[in-house]
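All values below come from the heavy atoms of this structure, side chains included, with hydrogens, waters and symmetry mates left out. In this chain, residues are counted from 1 in sequence order.
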Amino acid sequence: MTAPVDDPIIDALDRRGLGAPAELLIDTHRPLAPLMDDAITFLDPILRPLLGTRLRTIRSWLRPTSAPDDRKAGDTTGAG
């Protein structure tokens, strides 16, 4: 993986030698991330009881790192 993260899923994939294929899969599906995020928002009432806190982790994976919507509340300058 590109950054050292303490995540049991990433650790399990690396132990099995699937770190690089998983990263490739995530990077190739990056253009679909906004659509998948909308789908998760729509399915949230169903997915939240099934996935619990893992749903928040999945949503963080789908969110871009520098989205314009990530500004602090009340900040109108865009200097998040």
- Looking only at heavy atoms, which two atoms of Pro31 and Pro34 are closest? And how far apart? O-CD, 3.5 Å

- When rounded to the nearest 0.5 angstrom, what distance separates CZ in Arg56 from CZ in Arg48? 9.5 Å

- When rounded to the nearest 0.5 angstrom, what distance separates CG in Leu25 from CG in Leu18? 11.0 Å

- So if you build clusters from Ile, Leu, Val, Met, Phe, Trp, Tyr with side-chain heavy-atom gaps below 4.5 Å, do Leu35 and Leu55 land together? no

- Task: Please name all residues satisfying side-chain contact (heavy atoms from CB on, under 4.5 Å) with Ile46, sequence neighbours left out, ordered by chain then number.
- Result: Leu43, Leu50

- Reported CD-to-CG distance for the pair Glu23 and Asp14, which is rounded to 0.5 angstrom: 9.5 Å

- Message: Would you say that Arg59 contacts Thr41 through its side chain, given a criterion of any heavy-atom pair below 4.5 Å between the two side chains?
- Response: yes

- What's the shortest heavy-atom distance between Asp44 and Pro49, and which atoms? O-CD, 4.3 Å

